Visitor: 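Encoded as structure tokens, here's the structure I'll be asking about.
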Amino acid sequence: MTDLVRKGEGKPLRDAMKRRRVTQAELAALTRAVDVRGQGVSVATVIKVTGSGRTAAEKCRLRTAWLITTALDEPLQQHFDMPSVSTDTVGRCKDDGDSDPR
């Protein structure tokens with residue numbers, strides 16, 4: 001699973017929330033509206049990702065980041081650093097390019 005690191009300790013996310021005039025609870029509700037599964041992101045997770053201080057989370061799953069930034073109508077790359085290499089596939093390929101048949 002790919003984890004993304006939020007930029008600026010979450011300040012760009014908090015700034016986007018101010019621009020949209022949404023609270024963390026309202027943002028969680030907006031994520032349900034943009035989620036094709038209708039699940040969205042919990043209020044607790046939104047608080048961790050957008051918050052500051054000791055309880056804030058610097059990393060989150062790609063899906064969580066995508067739902068939050070889509071709900072804010074903001075580009076994902078504006079708020080999260082993208083991983084340079086996916087560790088999900090690096091260990092599964094042979095040097096000759098063939099997939100590992102595990």
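A quick note: this is a predicted structure, and the numbers were derived from the prediction, not measured.
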Visitor: Between T23 and E26, what is the shortest heavy-atom contact and its length?
Guide: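 T23 and E26 have their closest heavy atoms at N-OE1, 2.8 Å.
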Visitor: Out of curiosity, T70 OG1 to L76 CG, how far, rounded to the nearest 0.5 Å?
Guide: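 Answer rounded to 0.5 Å: 7.5 Å.
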Visitor: Does the pair Q39 and L67 meet the rule for a side chain to side chain contact (heavy atoms under 4.5 Å, CB included), with working shown?
Guide: CA-CA 10 Å; Q39 294 174 325; L67 288 170; over 6 Å; no
Visitor: Would you check, one step at a time, whether the test side chain to side chain contact (heavy atoms under 4.5 Å, CB included) holds for V22 with L30?
Guide: CA-CA 9 Å; V22 295; L30 288 171; 3.9 Å; yes
Visitor: Hey, is R6 close enough to D81 for a salt bridge, meaning N to O under 4.0 Å?
Guide: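 Salt bridge between R6 and D81, a charged N being under 4.0 Å from a carboxylate O: no.
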Visitor: Could you tell me if Q24 and T50 have a donor-acceptor pair between their side chains, going purely by distance under 3.5 Å?
Guide: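 Per modelled atom types, T50 and Q24 side chains form a pair under 3.5 Å.
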Visitor: To the nearest 0.5 Å, what is the distance between NZ on K18 and CG on L13?
Guide: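 Taking NZ in K18 and CG in L13, the distance rounds to 12.5 Å.
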Visitor: E74 and salt bridge (Lys or Arg N to Asp or Glu O under 4.0 Å): which partner among R14, R20, R19?
Guide: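 Answer to the salt bridge (Lys or Arg N to Asp or Glu O under 4.0 Å) test with E74 among R14, R20, R19: R19.
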Visitor: Please identify which of these residues, T45, I47, V41, V46, meets the side chain to side chain contact (heavy atoms under 4.5 Å, CB included) condition with V43.
Guide: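 Only one of T45, I47, V41, V46 forms a side chain to side chain contact (heavy atoms under 4.5 Å, CB included) with V43, namely I47.
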Visitor: Report the distance from atom NZ of K48 to atom SG of C60, rounding to the nearest 0.5 Å.
Guide: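 K48 atom NZ to C60 atom SG measures 11.5 Å (nearest 0.5 Å).
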Visitor: Could you give me the CA-CA distance, side-chain angles and deciding distance for L4 and T64, then say whether side chain to side chain contact (heavy atoms under 4.5 Å, CB included) is met?
Guide: CA-CA 9 Å; L4 302 183; T64 301; over 6 Å; no
Visitor: Does a sphere of radius 6.0 Å around NZ in K7 hold more than 12 heavy atoms from other residues, nucleotides or ligands, not counting ones at 6.0 Å or beyond?
Guide: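 Correct, the count exceeds 12.
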Visitor: Please report the interatomic distance NE2(H79) to CG(D15), rounded to the nearest 0.5 Å.
Guide: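 Separation between the atoms: 8.5 Å.
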Visitor: Got a donor-acceptor contact below 3.5 angstrom from the T69 side chain to the W66 backbone?
Guide: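 The answer is yes, because a donor-acceptor pair under 3.5 Å joins these two groups.
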Visitor: Are V5 and F80 joined in one hydrophobic group, where the rule is that I, L, V, M, F, W and Y side chains link up if heavy atoms are under 4.5 Å apart?
Guide: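 Different clusters.
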